[in-house]
Amino acid sequence: MRRIVHLSDLHFGWNESKLVKSLSALVTDARPDLTVFSGDFVEHATRAEFQQARAFIQALPEPMLMVPGNHDLPFYNYPRRVRQGLRLYREYITGDLTPFYADEEVAVLGLNTARLWPIRGGSISAEQVREVEARLCPVRGGVVRILVTHHPFDLPQQYGARSLVKHGRAALTRLACCLDVLLAGHMHIGASGRVADRFQTPNGSLVFAQAGTAISKRYKGERNSFNVIEIDGRLIRIRKYSWDADQSAYEATIGEIFEFTAGS
Ligand SMILES: [Fe+2]
Ligand SMILES: [Fe+2]
């Protein structure tokens, strides 16, 4: 069994400071095999915000895998976005924009879908599709293959295609047989489901899981949340922890369970 804590959209600089300690303690207590961050560590991409994000990350247990989001480049100042790009992300978070983690049970690849333009949306390039093919397609059957991006490949049905990563549909047509789970953020909602409900792909058991915004004040109709994902053979359980203001604590849901076809 492998336990993955999935955090997203921390947005340091526009976050609820009282949630930070609770989150840090819960992640540590969960004793994850891996902690995944799907981008938007900061709000304005200033050095001070990245310093806060780094301090938070450094207090958590290894190993970790992270990808940048559209806010990890300066968001509100386009000339600065062009000049700075991901320089501070590389300096304070990680210089690796295609992080990879693998053990006997899971293989996890992260990709950067944030671009200079558009400032909100993201895309996957042909080169990145080849990267997934090279890293995840050779993984032997039985090992669960996970792709992490900031922008989602799939969402619950009420979200239209405009909310999805650009070129994602074409990418999935090529990659679905090499993937079991898609992890993403950006929408600030926690949700999971089957990709087959939206797209016809060669792998009908492919699962998507969205983490909400763990600590930020950028609410999009939901409370702060994060996910704890347990992978046990052919089963994946995605348990969402949502902030309960009355209890001043994150409360766990029962979780959604999906079965997938290993090595499909
Ligand atoms: Fe975000
Ligand atoms: Fe985002």
Side-chain angles (χ1 to χ4, degrees), residues 5-17 19-20 23 27 35-46 48-50 52-54 56-57 64-78 80-82 84-90 92-94 97 99 110-125 128 147-156 159-168 182-192 208-227 240-243 250:
V5 171
H6 179 196
L7 305 179
S8 199
D9 294 84
L10 304 170
H11 288 274
F12 276 99
W14 191 238
N15 65 291
E16 299 279 7
S17 49
L19 272 62
V20 176
L23 181 61
V27 174
T35 302
V36 165
F37 298 80
S38 51
D40 280 359
F41 288 84
V42 291
E43 176 73 6
H44 296 280
T46 64
E49 289 176 353
F50 274 116
Q52 289 179 60
R54 183 184 176 126
F56 173 76
I57 291 164
M64 292 180 243
L65 183 145
M66 44 274 278
V67 297
N70 53 310
H71 276 264
D72 296 315
L73 303 90
F75 188 71
Y76 298 100
N77 181 332
Y78 190 71
R80 191 161 80 83
R81 187 176 180 89
V82 174
Q84 181 178 311
L86 286 169
R87 183 167 50 83
L88 293 185
Y89 174 87
R90 288 172 179 271
Y92 285 93
I93 306 298
T94 175
L97 295 181
L111 293 179
N112 167 30
T113 53
R115 302 288 184 261
L116 286 175
W117 188 264
I119 59 171
R120 281 191 177 77
S123 64
I124 180 167
S125 68
Q128 288 175 313
L147 181 63
V148 183
T149 56
H150 179 61
H151 298 88
F153 282 86
D154 197 9
L155 287 166
Y159 294 91
R162 287 176 58 179
S163 299
L164 305 178
V165 66
K166 197 173 177 190
H167 307 309
L182 300 164
L183 301 184
H186 184 59
M187 301 302 290
H188 297 202
I189 56 134
S192 51
F208 73 86
Q210 286 287 129
T213 174
I215 57 170
S216 90
K217 297 177 187 173
R218 293 177 68 90
Y219 304 113
K220 297 182 183 173
E222 268 195 24
R223 293 175 288 161
N224 294 103
S225 72
F226 66 96
N227 292 337
K240 182 174 167 182
Y241 285 70
S242 294
W243 181 254
Y250 288 95

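Ligands are counted one by one from 1 in listed order, and the atoms in each one are counted from 1 as well.
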Looking only at side-chain N and O atoms, does Thr113 offer a donor or acceptor that is under 3.5 Å from a partner on His151? yes
Checklist entry - Judged by atom type as modelled, is there a donor-acceptor pair below 3.5 Å linking the side chain of Lys220 to the main-chain atoms of His188? => result no
field: Heavy-atom donor-acceptor pair, Asn227 side chain to Gln210 backbone, under 3.5 Å
entry: yes
Answer key: the N, O or S atom of His186 nearest to the Fe ion (ligand 2) is ND1
min-distance N/O/S atom, Asp40 vs the Fe ion (ligand 1), resolves to OD2
Checking only N/O/S atoms, does His150 have one that is under 2.8 Å from the Fe ion (ligand 2)? yes
Taking the Fe ion (ligand 1) as the apex, OD2 on Asp9 and NE2 on His11 give an angle, to 10°, of 110°
Over 60° means perpendicular and under 30° means parallel, so classify the ring planes of Phe226 and Tyr241, tilted if in between. parallel
